[in-house]
Amino acid sequence: MTATQNGSENDKVFIFDTTLRDGEQSPGASMTLEEKLQIAEILDEMGVDIIEAGFPIASNGDFEAVAEIAKNSKRSVIAGLARAIHADIDRCGEAVKHAQRGRIHTFVSTSPIHLKYQMNKSEEQVLDIITDTVARARNLIDDIEWSAMDATRTPIEYLCRAVEAAISAGATTINLPDTVGYATPDEYKQMFMDIRNRVPNADKAIFSVHCHDDLGLAVANSLAGVAGGARQIECTINGLGERAGNAALEEIVMAIRTRGDVLPYSCGVEPKFMTRASKLVAGASGFAVQYNKAIVGKNAFAHESGIHQDGMLKNAETYEIMRPEDVGVRATSLIMGKHSGRHAFKDKLKELGYELGDNALQEAFRRFKDLADRKKHVYDEDIEALVEDEISIASDQTRVIALTVIAGTGGPQKAILTMDVGGQHITKEANGDGPVDATFNAIKSIVPHDAKLSLYQVHAVTEGTDAQAEVSVRLEAGGRISTGKGADTDTLVASARAYVSALNKLNLRQQSSNPGALQAV
Ligand code: KIV
Ligand code: ZN
């Protein structure tokens with residue numbers, strides 16, 4: 001990949017997506033291999049230049065995800081993260097070597113506070129580490145990114161020396177992150193201008209921004225860094241990421257596209273994939289998108305007040321600076337009813353971007369018919385929720401078969417649940433403090449486990465009291481976190497499915513002493 005800092009490609013900005021690495025680092029956002037592959041596929045298809053697929057040394061699962069994504073990538077460069085440690089760099093090189101174009105992204109802290117409290121190293125020692133580790137990475141692969149962690153709190157003189165050392169050792173991209181989300185746009189822009197002016201070999205590398213949103217400035221800072229000469233933006237779908245998150249990819253891309261008059265840059269991302277990517281990431285991570293989130297929020301293109309609606313009817317540009325269809329929002333369409341056939345259903349799935357195998361299609365169709373019987377209007381969103389649910393169930397070894405709940409003021413609330421556990425149908429009943437608690441207790445009595453419930457969230461997929469409920473459940477056990485989703489017009493059935501899906505994802509192992517009991521590994 002080539003782009004000059006000052007040459008004719010000056011306005012091309014590379015988009016580096018780190019949803020699968022920095023995004024997944026948010027507590028509770030861990031994703032399965034299958035989910036990561038789906039997300040990487042859409043990122044590749046939408047034209048993301050570089051996908052940071054994970055942190056290969058972190059676990060075998062992370063290594064496998066990076067290696068699999070590398071094997072499947074078509075256009076994007078696949079990057080893996082590595083600390084400034086030989087073992088990390090070697091493991092990362094192993095994982096990305098399968099890609100048509102792979103990258104090792106290695107980082108070390110440079111700020112005084114990190115050097116003193118985290119690393120207990122002197123500035124000179126860190127310079128030696130940079131030279132040694134970047135050179136090691138460069139011996140494995142030609143595309144090397146080096147990051148100065150906490151760059152925005154690093155004195156400029158030392159940052160210049162560190163950047164020069166990294167480029168001399170072979171780094172081709174230099175990332176200067178605002179790790180703690182502390183910078184303001186003017187400061188961040190100035191830092192890039194200073195570095196590019198003062199580092200003698202600065203013209204040999206592409207500079208990159210990486211901003212966290214602790215003060216809500218991540219997107220503004222990223223664009224300011226580009227104004228200062230950076231030509232790579234690190235960002236995530238939905239702004240997922242550590243603490244308050246990273247700069248949101250969809251906001252960056254649409255700012256560049258919409259305000260070309262003052263942001264004279266181009267990027268290769270096709271925005272029409274963004275809504276789908278956003279839903280995919282929200283589903284996999286369990287981090288719902290806030291309604292008023294720019295670009296991909298449910299209300300981003302909704303016009304409620306009379307005066308706005310009046311303007312919109314006369315000319316959409318009165319209140320809309322972007323067209324919803326440009327970012328992949330389809331007009332909510334009423335789809336087939338209960339008389340629609342399998343063929344029409346299959347066509348609809350295709351239009352929504354799903355291709356299911358025969359068995360999954362049959363089951364999804366059965367559930368669609370069932371839904372059309374119970375729900376007055378079936379919308380695209382209903383079909384999407386149903387199919388996502390079906391895709392997740394397809395890989396589950398443990399499933400909900402039937403649920404009856406006795407609720408109301410009389411108490412105690414009781415759930416009678418039948419589950420398929422490894423091919424065996426087991427029915428149990430349990431009481432609880434409310435119907436959801438009773439349902440989850442019934443699951444626990446069929447599949448004993450010590451996982452702790454850390455999130456329970458319900459959303460209506462569409463309007464109306466007959467809407468499907470989409471439930472997210474997050475469980476924690478043995479240091480692992482997993483999120484499951486379930487959808488149904490019955491909130492309790494959706495809750496049971498979401499809980500069981502999260503349980504399946506925790507990678508539970510059957511204990512030989514008790515066939516019903518599962519233990520987190
Ligand atoms: O925020 C940060 O500094 C990072 C680095 C690892 C690039 O995520
Ligand atoms: Zn980060």
Side-chain angles (χ1 to χ4, degrees), residues 14-27 29 49-58 62 66 77-85 88-89 91-92 95-96 103-115 117-119 126 129-130 133-134 137 143-154 158-159 162-163 166 171-183 187-188 191-192 195 205-219 221-222 225 230 232-249 252 281 285 287:
F14 295 110
I15 300 295
F16 175 115
D17 179 277
T18 182
T19 307
L20 299 175
R21 198 280 297 169
D22 216 334
E24 211 215 8
Q25 256 167 253
S26 329
D49 299 286
I50 304 109
I51 299 172
E52 186 162 54
F55 195 173
I57 195 92
D62 251 56
V66 178
V77 171
I78 304 301
L81 187 69
R83 288 167 299 182
I85 298 174
D88 274 44
I89 289 169
R91 190 81 173 134
C92 185
V96 300
R103 171 181 295 189
I104 296 176
H105 174 194
T106 183
F107 70 98
V108 72
S109 289
T110 51
S111 65
I113 188 165
H114 281 214
L115 261 56
Y117 293 105
Q118 241 195 327
M119 302 183 64
V126 171
I129 291 173
I130 294 169
T133 52
V134 172
D143 188 343
I144 305 300
E145 173 167 337
W146 176 77
S147 287
M149 194 179 213
D150 207 14
T152 50
R153 293 192 299 170
T154 302
Y158 182 61
L159 193 57
V163 168
T172 45
T173 299
I174 298 292
N175 182 35
L176 302 178
D178 185 25
T179 304
V180 291
Y182 180 71
E187 286 171 342
Y188 202 52
M191 180 184 74
F192 281 94
I195 294 282
I206 293 172
F207 281 84
S208 171
V209 299
H210 177 115
C211 298
H212 282 269
D213 209 27
D214 300 68
L215 293 174
L217 292 170
V219 170
N221 281 343
S222 301
Q232 173 178 287
I233 302 180
E234 306 200 354
C235 45
T236 59
I237 301 287
N238 296 341
L240 195 67
E242 288 264 26
R243 306 181 311 278
N246 289 59
L249 179 145
I252 299 271
V281 170
S285 63
F287 280 50

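One-based numbering, in listed order, for ligands and for the atoms of each.
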- Could you give the distance from CG (N221) to CG (D213), rounded to the nearest 0.5 Å? 9.0 Å
- Task: Would you check if there is a donor-acceptor pair between the side chains of S208 and E234 at a distance under 3.5 Å?
- Result: yes
- Task: Calculate, to the nearest 0.5 Å, the distance between atoms CG and CD belonging to L240 and Q25 respectively.
- Result: 10.5 Å
- Quick one: nearest non-hydrogen protein atom to atom 4 (C) of ligand 1, plus distance? H210 NE2, 3.5 Å
- Message: Here's a test for you: under side-chain hydrogen bond (donor to acceptor under 3.5 Å, both in side chains), which of D22, T179, D178 qualifies with H212?
- Response: D22
- Count, excluding waters, the protein N, O or S atoms that are closer to the Zn ion (ligand 2) than 2.8 Å. 3
- Just jot down the ligand 1 atoms closer than 4.0 angstrom to any heavy atom of M149, in number order. 3 (O)
- For atom OH of Y158, is the number of surrounding heavy atoms from other residues, nucleotides or ligands below 6.0 Å larger than 12? yes
- Message: Considering non-hydrogen atoms of the protein only, which is the closest contact for atom 3 (O) of ligand 1, and what is the distance?
- Response: T179 OG1, 2.7 Å
- Message: Could you walk me through whether F16 and V77 satisfy the side-chain contact (heavy atoms from CB on, under 4.5 Å) test, starting with their C-alpha distance in whole Å, then the side-chain angles of each, then the deciding distance to 0.1 Å, before giving a yes or no?
- Response: CA-CA 9 Å; F16 175 115; V77 171; over 6 Å; no
- Query: How far is atom 6 (C) of ligand 1 from its nearest protein heavy atom, and which residue and atom name does that atom have?
  - Reply: R21 NH2, 3.7 Å
- Message: If you apply the rule side-chain contact (heavy atoms from CB on, under 4.5 Å), what do you find for L20 with E24, and how did you get there?
- Response: CA-CA 5 Å; L20 299 175; E24 211 215 8; 5.7 Å; no
- For H212, the ligand 1 atoms whose distance to one of its heavy atoms is below 4.0 Å: 1 (O)
- Task: Please check if the side chain of T172 supplies one atom and the backbone of I144 the other of a donor-acceptor pair under 3.5 Å.
- Result: yes
- Query: For ligand 1, which atoms, with element, lie under 4.0 Å from some heavy atom of D22?
  - Reply: 8 (O)
- Task: Indicate whether any N or O donor in one side chain lies under 3.5 Å from an N or O acceptor in the other, for T236 and N246.
- Result: no
- Task: Have a look at ligand 1 and work out which part of H105, if any, has a heavy atom under 4.0 Å from it: side chain, backbone, both or neither.
- Result: side chain
